[in-house]
Protein chains: 2
Amino acid sequence: MEADAAPGGGPPPAATPEPDPRVERSRRLILSAALDLLGEVGYGGLTIEGVAARAGVAKSTIYRHWDGKLELIEDAIRTLKATVSLPAGGSARDRVTALLQQVATSMASSTWSACLPAIIDAAERDPQVLTIHRRFSCERRQMLVDLLTEGVASGEIAPGLDLGLLAECLIGPIVVRRLLLHEPFDPAGVLPLVSQVLPPPATPRGA
Amino acid sequence: MEADAAPGGGPPPAATPEPDPRVERSRRLILSAALDLLGEVGYGGLTIEGVAARAGVAKSTIYRHWDGKLELIEDAIRTLKATVSLPAGGSARDRVTALLQQVATSMASSTWSACLPAIIDAAERDPQVLTIHRRFSCERRQMLVDLLTEGVASGEIAPGLDLGLLAECLIGPIVVRRLLLHEPFDPAGVLPLVSQVLPPPATPRGA
DNA sequence: GTGCTACGATACGTCTGCGTTTCGTAGCGA
DNA sequence: TCGCTACGAAACGCAGACGTATCGTAGCAC
């Protein structure tokens, strides 16, 4: 299930015997088109023929690579993974801010953001999509928790807090704006968000 | 658009001449079935024939009351409105807690919660649903903001905060758990949530 | 150049849902 | 009791998508 994924874990053995550039190209076109359409028409509105037309590909080509609509969607969602990266420099507070700005920016405009409602809906119907989306969300949350943990260790953030809950409070407004209020969360608003949710500890030492 | 709604605003004139109990009954059955199915199969998966079967109603009966699938869904979503009520007694902090507990409880198990992913998805496709959902979300948020405003006025909450943002930070974790992490938010967790996000002002006077 | 293989185009039968129509029945108000 | 009207059941044509199969073409590796 995770054997033919993109390289990234472990050393790259000769497990990929140059499978044919045509296959690679077709798969990329199809998955990309599927994501585009998923954002436009949603999970229930997606059709194989629509994907084929969007990708500029024959319908039979899709059925050569996937068993059906469900497998295609699952595979397409899987390709959506890595979008935010963990910022490196600066204080923990700065890194939290940078991470949230990445989230806010990609939430404002990205394939992922466009697909998010459809994915949430799909996760409610298909256990496979549920697993993928839950794992992805957990990873993102954990990135933030890790940053907050460092902040506590370095004394930038008051100790004794539930960091998981804190992370959800930080991401929450961005999510609420996108999914409930349907208005954008300006990345410039991340700074006041962090300032308000993450008050400095009693004895400031960084500044 | 809001002329033949349920009674509640203004004096009840003779605008409702006992329209026929059969109509009322059919509409209730159909709308209820539509909401059930909306939660089960989603926006794209909903079919008129499915609603008819679930409601125990002939398909033609649905078309007698609604023009099509879209109008039915919009109408069904509209009936989902009043679920939480503004708590009355106690301090502002207590009332905020009570309100969030209502949200958490209904988010854990209710028709509304079951339909939420479908509604979010539908709002992305249909402007009409978008308007309904946005308005409903705004009202809920405003209830919380009002409570927070009272809290600031009574000195329970530190002044100078962005109360809109604060409200989103309070609701955020509940929403994030439901839609992104796909795990329930225990209503018992509301208390630590409020404690962590709403630190008392420097000079406590209520306790 | 020469097999091999993936692809494009197309047609096919099937199924499902749409929205409409018809007609007989049963519940409603007076 | 008697019209009136809403309803249930069923059938209809239509459209779209499914998933499959066939065949000619074009790109790939050697």
Side-chain angles (χ1 to χ4, degrees), chain A residues 4 14-76 118 121-122 125-126 128, chain B residues 4 14-38 40-76 118 121-122 125-126 128-129:
Chain A
D4 53 16
T16 314
E18 289 295 335
D20 196 331
R22 288 174 293 176
V23 173
E24 196 79 8
R25 175 190 140 88
S26 292
R27 287 185 57 93
R28 269 190 298 104
L29 284 176
I30 292 167
L31 288 174
S32 172
L35 285 180
D36 282 356
L37 278 181
L38 187 63
E40 291 179 19
V41 301
Y43 175 69
L46 197 77
T47 66
I48 295 286
E49 301 191 331
V51 174
R54 172 67 64 101
V57 148
K59 187 168 56 157
S60 48
T61 302
I62 298 182
Y63 282 107
R64 279 190 196 101
H65 293 297
W66 290 275
D67 284 342
K69 179 173 155 180
L70 213 67
E71 290 77 11
L72 173 60
I73 294 183
E74 291 167 359
D75 221 1
D121 186 58
R125 328 284 164 217
D126 177 19
Q128 198 77 9
Chain B
D4 53 16
T16 315
E18 290 294 335
D20 197 330
R22 288 174 293 177
V23 173
E24 196 79 9
R25 174 190 140 88
S26 292
R27 286 185 59 92
R28 269 191 298 106
L29 284 174
I30 292 168
L31 288 174
S32 171
L35 285 179
D36 283 357
L37 278 181
L38 187 63
E40 290 178 18
V41 302
Y43 175 70
L46 197 77
T47 67
I48 295 285
E49 302 192 330
V51 174
R54 171 69 63 104
V57 148
K59 187 169 58 158
S60 47
T61 302
I62 298 182
Y63 282 106
R64 279 191 195 100
H65 294 295
W66 290 275
D67 284 342
K69 179 172 155 180
L70 214 68
E71 289 79 11
L72 173 60
I73 294 184
E74 291 167 359
D75 221 0
D121 186 58
R125 328 284 163 216
D126 176 20
Q128 198 78 10
V129 175

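Labels below follow one simple rule: chain letters A, B, ... track the order of the sequence lines, proteins then strands, and each chain is numbered from 1. Everything numeric here is computed off the predicted structure, so don't read it as measured data.
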Does the side chain of B:Leu31 come within less than 4.5 Å of B:Leu72's, by heavy atoms?
yes

Scanning both residues in full, the closest heavy-atom pair of B:Val41 with B:Leu46 reads CG2-N, 3.7 Å

Where is the tightest heavy-atom contact between B:Leu38 and A:Arg125, given as atom of each residue plus distance?
O-NH2, 4.0 Å

Using a cut-off of less than 4.0 Å, is there contact between a side-chain N or O of B:His65 and OP1 or OP2 of D:dC7?
yes

Interatomic distance, [X] [atom1] vs [N] [atom2] [rounded to whole Å]:
X: A:Ile48; N: C:dG8; atom1: CD1; atom2: P; value: 14 Å
X: B:Arg22; N: D:dA6; atom1: CZ; atom2: P; value: 7 Å
X: B:Glu71; N: C:dG19; atom1: CD; atom2: C1'; value: 12 Å
X: B:Arg27; N: D:dC7; atom1: CZ; atom2: P; value: 10 Å
X: B:Asp20; N: D:dC4; atom1: CG; atom2: C1'; value: 10 Å
X: A:Glu24; N: D:dA29; atom1: CD; atom2: C1'; value: 17 Å
X: A:Ile62; N: D:dG19; atom1: CD1; atom2: P; value: 11 Å
X: A:Tyr63; N: C:dC7; atom1: OH; atom2: C1'; value: 17 Å

Starting at the 5' end of nucleotides 8-15 of chain D, put B wherever the base has a protein heavy atom under 4.0 Å, S where only the sugar-phosphate does, and a dash everywhere else.
BB------

Are any of the side-chain nitrogens in B:Arg54 or B:Glu40 under 4.0 Å away from the carboxylate oxygens of its partner?
yes

Under a 3.5 Å distance rule, please check whether A:Ser26 uses its side chain to pair with a backbone N or O of A:Arg22 as donor and acceptor.
yes

B:Glu24, CD atom: more than 12 neighbouring heavy atoms under 6.0 Å
no

